[in-house]
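Following: one structure in structure tokens, then a few remarks.
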Amino acid sequence: MNLGINVAGVYVDDQDAALAFYVDKLGFRVHTDVRNGPYRWLTVQHPEQPSFQLGLFTPGPPIHDEATAQILRAMVAKGAMPPLVLHVADCRESYARLQAQGVEFTQEPIERYGSVDAGFRDPAGNGWKMIQAPRASA
């Protein structure tokens with residue numbers, strides 16, 4: 001039996017807006033979109049990582065009470081949640097392409113630690129670092 005992490009989630013305030021961002025701008029694909037009453041289980045996958053799903057979840061019942069949900073929404077909106085990391089082959093090219101698609105960046109590409117990285121946020125406020133893999137030295 002293989003064990004491992006299959007789904008990691010982020011909190012979003014609007015699942016439809018999050019879905020449009022992750023699919024239309026970042027190029028993810030819908031994996032699962034099902035409802036059980038007001039609860040919606042929504043996951044997307046990066047096309048080059050089919051064994052992993054990113055859950056786009058709204059804070060609230062049945063997991064959180066309304067007071068907790070409000071706190072979580074506020075923390076996400078402020079960018080206080082841990083950042084996610086997207087590895088890309090060329091950070092500057094990906095930055096230009098995503099910026100042209102309307103992705104708002106919080107940091108332009110910068111060289112450091114032998115690589116290039118940039119930062120952006122999703123519509124809910126979740127922070128992303130987009131990192132170019134370091135080039136192998138000759």
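Comment: R40 engages D16 in a salt bridge, judged by a side-chain N to carboxylate O separation of less than 4.0 angstrom. A salt bridge does not link R73 to D13: none of the charged side-chain nitrogens sits closer than 4.0 Å to a carboxylate oxygen. In summary, K25 and E104 do not engage in a salt bridge, as defined by a charged side-chain N under 4.0 Å from a carboxylate O.
Residues L56 and Q15 approach most closely at O-NE2, 2.7 Å, considering heavy atoms. Taking every heavy atom of both residues into account, P61 and Y39 meet most closely at O-CD1, 4.0 Å. Minimum interatomic distance between G27 and P47 (heavy atoms only, all atoms of both residues): O-CD, 3.3 Å. Nearest heavy-atom pair, V116 versus P109, reported as atom, atom and distance to 0.1 Å: CG1-CB, 3.8 Å. Considering every non-hydrogen atom in both F57 and V7, the closest pair reads CZ-CG1, 4.4 Å. Summarising the geometry of F105 relative to G119, their closest heavy-atom pair is CD2-O, 3.0 Å, with the distance given to 0.1 Å.
Linking ILVMFWY residues whenever their side-chain heavy atoms come closer than 4.5 Å, directly or via other members, places V88 and V44 in the same cluster. Note: the hydrophobic cluster containing V85 does not contain I110 (ILVMFWY, side chain heavy atoms under 4.5 Å, direct or indirect links). Cluster annotation: Y95 is connected to F28 through the hydrophobic network of ILVMFWY side chains, with a link wherever side-chain heavy atoms come within less than 4.5 Å. Under a hydrophobic clustering in which Ile, Leu, Val, Met, Phe, Trp and Tyr are joined whenever their side-chain heavy atoms come within less than 4.5 Å, directly or via other members, L72 and L42 fall into different clusters. A chain of hydrophobic side-chain contacts below 4.5 Å, direct or via other Ile, Leu, Val, Met, Phe, Trp or Tyr residues, connects V23 to V10.
For Q107 and D117, the side-chain atoms include at least one donor-acceptor pair closer than 3.5 Å.
A distance of 12.0 Å separates NE2 in H31 from CZ in F52, rounded to the nearest 0.5 Å. Atom CG in L19 sits 10.0 Å away from atom CG in D14 (nearest 0.5 Å).
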Point to revise | Full working for side chain to side chain contact (heavy atoms under 4.5 Å, CB included) between L54 and L84 | key: CA-CA 10 Å; L54 179 65; L84 298 124; 4.1 Å; yes
Check your understanding: What's the verdict on side chain to side chain contact (heavy atoms under 4.5 Å, CB included) for E111 and R92, showing C-alpha distance, side-chain angles and the deciding distance?
Key -> CA-CA 10 Å; E111 289 189 44; R92 288 185 176 85; 3.2 Å; yes
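Here the side chains of H46 and L86 are in contact, with some heavy-atom distance below 4.5 Å. At least one side-chain heavy atom of L98 sits less than 4.5 Å from a side-chain heavy atom of L26.
For N36, the CG atom sits in a loose shell: 12 or fewer heavy atoms of surrounding residues, nucleotides or ligands are nearer than 6.0 Å.
Taking the six-membered ring for Trp and thresholds of 30 and 60 degrees, Y22 and W128 have ring planes inclined between 30 and 60 degrees apart. Relative orientation of the F21 and F120 rings is tilted, given thresholds of 30° and 60° on the angle between their planes.
Using modelled atom types, one side-chain atom of T43 and one backbone atom of T32 make a donor-acceptor pair closer than 3.5 Å. Of the possible polar contacts, none joining the Q45 side chain to the R29 backbone as a donor-acceptor pair under 3.5 Å is found.
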